Amino acid sequence: MPRPLGRRLAGRLAMAQRRVLGRWATPGIIRSRYRRHTARTLDARHPLTMTDKVYARMLLMDRARDDSITPLVDKLLVRRTVAALVGAEHLPPLLWSGADPHSIPFDALPSPAVLKPTHLTGHVRVLTEATDRTEIIRDAGGWLRENCYRASREYQYQNIEPRLMIEHCLRDDRRDGPIDYSLWCFHGTPELLQVRDARGSVRAFTDLELRPLDVYGPHTPLTAHLRPRSLPRMAELARVLSAPFEFVRVDFYDIDGHPLVGELTFTPARGRFRFSSDDWDRRLGFLWRFDPTTPVLPPTAPDSYRPHLLPPLPQDGLSAD
């Protein structure tokens with residue numbers, strides 16, 4: 001249903017305020033957020049904990065204008081890297097992409113389908129035969145005017161070309177959408193699994209043997225229907241996709257025992273983790289051998305990790321633009 005007028009106006013006001021605070025304000029914003037979150041002063045050159053290192057990565061990327069991973073957080077472009085490295089069969093099927101919401105081919109889409117922007121996080125609309133098309137076009141047009149960087153101050157999102165994409169609606173046995181399975185990878189090695197659902201009713205961390213870890217405190221028991229049947233294959237794919245990086249979270253879906261790659265996340269939660277103890281923050285930070293002098297994607301990495309240099313996928317050529 002449409003958002004209330006008050007919420008739409010508040011959103012536009014917040015967007016205008018973020019535009020006023022340009023890149024010049026980012027270092028202060030990041031340091032202030034870190035101080036509020038930890039009650040400490042950020043030492044970006046010598047970070048120790050997981051929280052420290054995510055905030056340090058954000059600050060140093062912005063300072064160096066490091067856009068080495070920008071193509072990898074573009075939800076459309078990253079498909080080329082996934083296909084090149086592990087195969088297109090591990091991608092959700094793409095139905096359409098474009099930059100004009102008026103060009104969405106509603107009549108040609110299966111029902112349901114999933115619309116999302118390529119440059120933002122947390123924005124998804126499920127399209128069905130009953131969808132209010134006017135509302136979808138209006139909301140999608142609003143997405144195209146947004147810039148994730150202005151709110152998050154994660155530099156990798158600043159220069160993504162705003163576009164829209166529509167994928168098949170993935171289904172497992174859950175009414176509210178498939179479970180997210182995220183492998184936290186350090187230096188090419190998956191170390192732990194995070195399990196979440198769209199409503200927040202499922203929340204768990206495990207090791208790769210699916211033994212529970214109290215990373216975020218009380219967790220959802222992983223009953224049989226929550227355990228990913230494709231976890232061994234997920235881990236294999238994550239090792240390949242994470243190989244050049246000090247740290248990256250590789251997000252998957254498990255659909256009928258087959259893993260599909262969702263996205264790559266380099267600064268999860270913007271560092272605002274809810275660890276159950278300082279010990280977990282330190283333990284995960286210890287796994288990350290942080291080098292403040294190199295880009296997030298090292299210059300020596302193969303071009304297969306630079307999707308903007310790869311040819312478009314044949315199945316991703318559906319476009320109105």
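The structure presented is a predicted model; accordingly, all values stated were derived computationally and were not measured.
In terms of heavy atoms, Pro268 sits closest to Phe247 at CD-CE2, 3.6 Å. Across all their heavy atoms, Leu226 and Pro221 have their closest contact at CD1-O, 3.7 Å. When all heavy atoms are compared, the tightest approach of Val296 to Ser68 is N-OG, 3.6 Å. Contact record, Gln156 with Thr70: O-OG1, 3.0 Å, taken as the closest heavy-atom pair. The heavy-atom pair separating Leu310 from Asp303 by the smallest distance is CD2-O, 4.0 Å. Between Val73 and Leu264, the closest heavy-atom pair is CG1-O, 3.9 Å.
Checking Thr134 against Arg138 by side-chain atom types alone, no donor-acceptor pair falls below 3.5 Å. In the model, Thr189 has no side-chain atom that pairs as donor or acceptor with a side-chain atom of His187 under 3.5 Å.
A distance-only check finds no donor-acceptor pair linking the side chain of Ser182 to the backbone of Arg249 [under 3.5 Å]. Judged by distance alone, the side chain of His102 and the main-chain N or O of Ile137 form no donor-acceptor pair under 3.5 Å. The main-chain N or O of Leu210 is found under 3.5 Å from a side-chain atom of Asp207 such that the two form a donor-acceptor pair. A donor-acceptor distance shorter than 3.5 angstrom exists from the side chain of Ser276 to the backbone of Asp214, with no hydrogens or angles considered. Of the possible donor and acceptor atoms, none in the side chain of Asp74 sits under 3.5 Å from a partner among the backbone N and O of Ile160. Although no hydrogens or angles enter the test, the distance criterion places a donor-acceptor pair under 3.5 Å between the side chain of Asp52 and the main chain of Thr49. With hydrogens and angles ignored, the 3.5 Å screen pairs no side-chain donor or acceptor of Thr131 with any backbone N or O of Arg133. One N or O on the side chain of Arg153 and one on the backbone of Arg150 form a donor-acceptor pair closer than 3.5 Å.
Contact check for Glu246 versus Thr294: side-chain heavy atoms found under the 4.5 Å cut-off. Using a 4.5 Å cut-off on side-chain heavy atoms (C-beta onward), Phe275 and Ser277 make no contact.
Residues Val114 and Leu164 do not share a hydrophobic cluster, clusters being chains of Ile/Leu/Val/Met/Phe/Trp/Tyr side chains in contact below 4.5 Å. Under the 4.5 Å side-chain heavy-atom criterion for grouping Ile, Leu, Val, Met, Phe, Trp and Tyr, Leu183 is connected to Val78 within one hydrophobic cluster. Residues Val240 and Val248 share a hydrophobic cluster, clusters being chains of Ile/Leu/Val/Met/Phe/Trp/Tyr side chains in contact below 4.5 Å. Grouping the Ile, Leu, Val, Met, Phe, Trp and Tyr side chains by contacts below 4.5 angstrom, directly or via other members, places Trp288 with Phe205. In this structure, Trp143 is a member of the same hydrophobic cluster as Phe106, with clusters built from ILVMFWY side-chain heavy atoms closer than 4.5 Å.
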Using side chain to side chain donor-acceptor pair (under 3.5 Å), reason through Asp254 and Ser230 one step at a time and then give a plain yes or no.
CA-CA 6 Å; Asp254 179 271; Ser230 64; 2.4 Å; yes
Before you tell me yes or no, could you show the steps for Tyr253 and Tyr181 under ring-ring contact (aromatic ring centres under 6.0 Å, His included), namely the whole-Å CA-CA distance, both residues' side-chain angles and the distance that decides it to 0.1 Å?
CA-CA 6 Å; Tyr253 303 106; Tyr181 297 100; 8.6 Å; no
Under the side-chain contact (heavy atoms from CB on, under 4.5 Å) rule, what do Val195 and Val202 come out as? Steps first, then yes or no, please.
CA-CA 7 Å; Val195 183; Val202 174; 4.0 Å; yes
For the pair Leu94 and Leu76, evaluate side-chain contact (heavy atoms from CB on, under 4.5 Å) and give the outcome as yes or no after the intermediate values.
CA-CA 9 Å; Leu94 184 73; Leu76 190 61; 3.8 Å; yes
Can Leu313 and Arg79 be said to form a side-chain contact (heavy atoms from CB on, under 4.5 Å), step by step?
CA-CA 8 Å; Leu313 302 182; Arg79 294 172 59 88; 4.1 Å; yes
Test salt bridge (Lys or Arg N to Asp or Glu O under 4.0 Å) applied to Asp197 and Arg203, step by step:
CA-CA 7 Å; Asp197 71 349; Arg203 187 184 69 176; over 6 Å; no
Stepwise salt bridge (Lys or Arg N to Asp or Glu O under 4.0 Å) check, Arg163 with Glu161:
CA-CA 6 Å; Arg163 293 176 66 82; Glu161 179 186 1; 3.7 Å; yes
Is there a side-chain contact (heavy atoms from CB on, under 4.5 Å) between Arg270 and Met58 once you walk through the steps?
CA-CA 8 Å; Arg270 289 181 273 165; Met58 290 191 295; 4.2 Å; yes
Might you work through the side chain to side chain donor-acceptor pair (under 3.5 Å) test for Glu129 and Ser111, ending with a clear yes or no?
CA-CA 6 Å; Glu129 294 173 353; Ser111 179; 4.8 Å; no
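Applying the side chain to side chain donor-acceptor pair (under 3.5 Å) test to every pair with at least one member in residues 56-65, sequence neighbours left out, gives these pairs: Arg23-Asp62, Asp62-Tyr149. Applying the side chain to side chain donor-acceptor pair (under 3.5 Å) rule to pairs touching residues 112-121 yields Lys116-Glu167, sequence neighbours excluded.
Annotation: side chain to side chain contact (heavy atoms under 4.5 Å, CB included) contacts of Glu263 (sequence neighbours excluded): Lys75, Asp251, Thr265.
A distance below 6.0 Å separates the ring centres of Tyr55 and Tyr34. For Phe245 and Phe186, the ring centers sit 6.0 Å or farther from each other.
Relative orientation of the Phe273 and Trp184 rings is tilted, given thresholds of 30° and 60° on the angle between their planes.
In summary, Glu135 and Arg125 engage in a salt bridge, as defined by a charged side-chain N under 4.0 Å from a carboxylate O. A salt bridge does not link Arg239 with Glu236: every distance from a Lys NZ or Arg NE/NH1/NH2 to an Asp or Glu carboxylate oxygen is 4.0 Å or more.
Annotation for Asp291: atom CG counts as buried by contact number, over 12 foreign heavy atoms lying within 6.0 Å.
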